[in-house]
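One structure is given below, encoded as structure tokens.
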Amino acid sequence: MKQIRVIPSSIHMANGNAKDKSVTPDIKQGNELQAVFVESPGRPKGSVLAALALLSVAAIWGSTFFLIKEILNELAPLEFLAVRFTLAAILGNILFFPRIRQSSWPVWKQGGVLGAVYFLAQVFQTQGLRSVDASVSGFLTGMYVVFTPILLFLIFRERIAARTVYAVLVATIGLAVLSLNGFSIGAGEMLTLLGAVMFALHIVLLAKWATKYDVLTLAVVQLNAIAVCSIAVGLPQGLTLPQTSAAWISLLYMTLFAALGAMVLQTWAQSRINAATAALIMLTEPIFASTFAILLGGENLSLRLCVGGALMLGAMLLTELGEDLEPRKLRKSFLSMKDRA
């Protein structure tokens, strides 16, 4: 496939990568705003913008907790998923129709797999919530941070860095401090753990495939697949729409930001950052959920939130800065500073 070259913008420079970016032909030369959303061969390491994008995704997801709780009073879980992702898919296809029209079969095939995996994660998590407390569900779902490096090794034989293992352990402890008041293992817990495995699989596959395609196209294809799966499963039980204006406002917010916007941001970010780091960053979702609960839901700031949040943020810093904090590199930096002095 013929490629064109685009002069890197300040956004590319911010990632510490001053080389030209190769983009697919549907991006016009000089349109840097669009070029940001197309991944070039060779993923830059430790992209600041990618990390910020994933933090935004976690914040958006965290902001939807109370909205989902309220809207499920009017819609069944599968109805909610079907309406939400169908609206997001329709909007995405309208906004990016030229890209979708020119897309190839491989992006539909792999995007379809990603969408199906994401749908299964949502279903397992939702079904588990029927018999599992929300705090326990949050902890078990967050276990995707553990499953992600394991799946990377099992599927792609990628070596797990020692600092990643340490970061996962710290993040898991932080998540437990933040979420748990004790739990036992039952059918609901097992379903929620299966959901966590599916979320981890989605993160792993997305990190591998997002570098191959235009990320806007891949994001919309995923939404199409989620919508089709949701309708196929929910249609036999009958589908209804929200009945109140408040529910529609919440649904539109979750459609625009938590479905379409979050999928685009996650797909783009994972084309520039490794899967294990992405999982650790997105694990901040319960921190944002608790923060919104304090600011908007009238809950009180607790020691558990402070300690658990600090541990999880520390895990993020460990995976991002861990290589620079290795004793060998610290000693080299110290000797270099000593020589200059």
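Please read these numbers as outputs of a predicted model, since none were measured by experiment.
Here the side chains of Val204 and Thr148 are in contact, with some heavy-atom distance below 4.5 Å. Leu152 is not listed as a side-chain neighbour of Asn274, based on a closest heavy-atom distance of 4.5 Å or more. Counting heavy atoms from C-beta outward, Thr255 and Leu260 have side chains that stay 4.5 Å or more apart. Between Phe147 and Leu201, every side-chain heavy-atom pair lies at or beyond the 4.5 Å cut-off. A 4.5 Å side-chain heavy-atom check between Gln266 and Gln222 finds every atom pair outside the cut-off. In this structure, the side chains of Phe85 and Cys229 stay at 4.5 Å or more apart for every pair of heavy atoms. A 4.5 Å side-chain heavy-atom check between Gln102 and Asp214 finds every atom pair outside the cut-off. Between Trp61 and Met282 the shortest side-chain heavy-atom distance falls below 4.5 Å.
Within the cation-pi definition used here (under 6.0 Å to the ring centroid, within 45° of the axis), Arg99 does not qualify as a partner of Phe97.
Proximity of a side-chain donor or acceptor of Trp209 to a complementary backbone N or O of Gly111 within less than 3.5 Å is not detected. The closest donor-acceptor contact from the side chain of Gln127 to the backbone of Gln125 lies at 3.5 Å or more, if one exists at all. Here the side chain of Glu79 pairs no donor or acceptor atom with the backbone of Gly234 at under 3.5 angstrom.
Considering all non-hydrogen atoms of both residues, Ala53 and Trp268 come closest at CB-CZ3, 3.8 Å. Across all their heavy atoms, Leu223 and Ala88 have their closest contact at CD1-O, 4.0 Å. Across all non-hydrogen atoms, the minimal contact from Val233 to Phe119 is CG2-CZ, 3.7 Å. In terms of heavy-atom proximity, Ala258 sits nearest to Thr64 at CB-CG2, 3.8 Å. Heavy-atom minimum distance, Leu283 versus Gly142: CD1-O, 3.3 Å. Taking both residues in full, the closest heavy atoms of Ala247 and Glu74 are given as CB-OE2, 3.5 Å, listed atom of the first, atom of the second, then distance.
Under the 4.5 Å side-chain heavy-atom criterion for ILVMFWY residues, a single connected hydrophobic cluster contains both Phe199 and Ile150. Under a hydrophobic-cluster definition in which Ile, Leu, Val, Met, Phe, Trp and Tyr are linked whenever side-chain heavy atoms come within less than 4.5 Å, directly or via other members, Ile94 and Val221 are assigned to different clusters. Both Val57 and Leu256 belong to a common hydrophobic cluster when Ile, Leu, Val, Met, Phe, Trp and Tyr are linked at side-chain heavy-atom distances under 4.5 angstrom. When the side chains of ILVMFWY residues are joined at heavy-atom separations under 4.5 Å, either directly or via intervening members, Phe96 and Ile226 end up in a single hydrophobic cluster. Hydrophobic clustering of Ile, Leu, Val, Met, Phe, Trp and Tyr side chains at less than 4.5 Å, counting indirect connections, keeps Leu252 apart from Met254.
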Going through the distances and angles, do Thr240 and Val83 end up as a side chain to side chain contact (heavy atoms under 4.5 Å, CB included)?
-> CA-CA 9 Å; Thr240 58; Val83 175; over 6 Å; no

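Between Tyr118 atom OH and Leu81 atom CG the span is 9.5 Å, to the nearest 0.5 Å. Separating the CG atom in Leu193 from the OH atom in Tyr144 is a distance of 14.0 Å, to the nearest 0.5 Å. In this structure, CG on Leu194 lies 11.0 Å from OG1 on Thr141, to the nearest 0.5 angstrom. Interatomic distance, Leu75 CG to Leu241 CG, rounded to the nearest 0.5 Å: 7.5 Å. With values rounded to the nearest 0.5 angstrom, Thr267 atom OG1 is found 5.0 Å from Leu206 atom CG. The OG atom of Ser56 sits 11.5 Å away from atom CZ of Phe257, with the distance rounded to the nearest 0.5 Å.
Counting heavy-atom neighbours within 6.0 Å of Phe156 CZ, excluding the residue itself, gives a total above 12.
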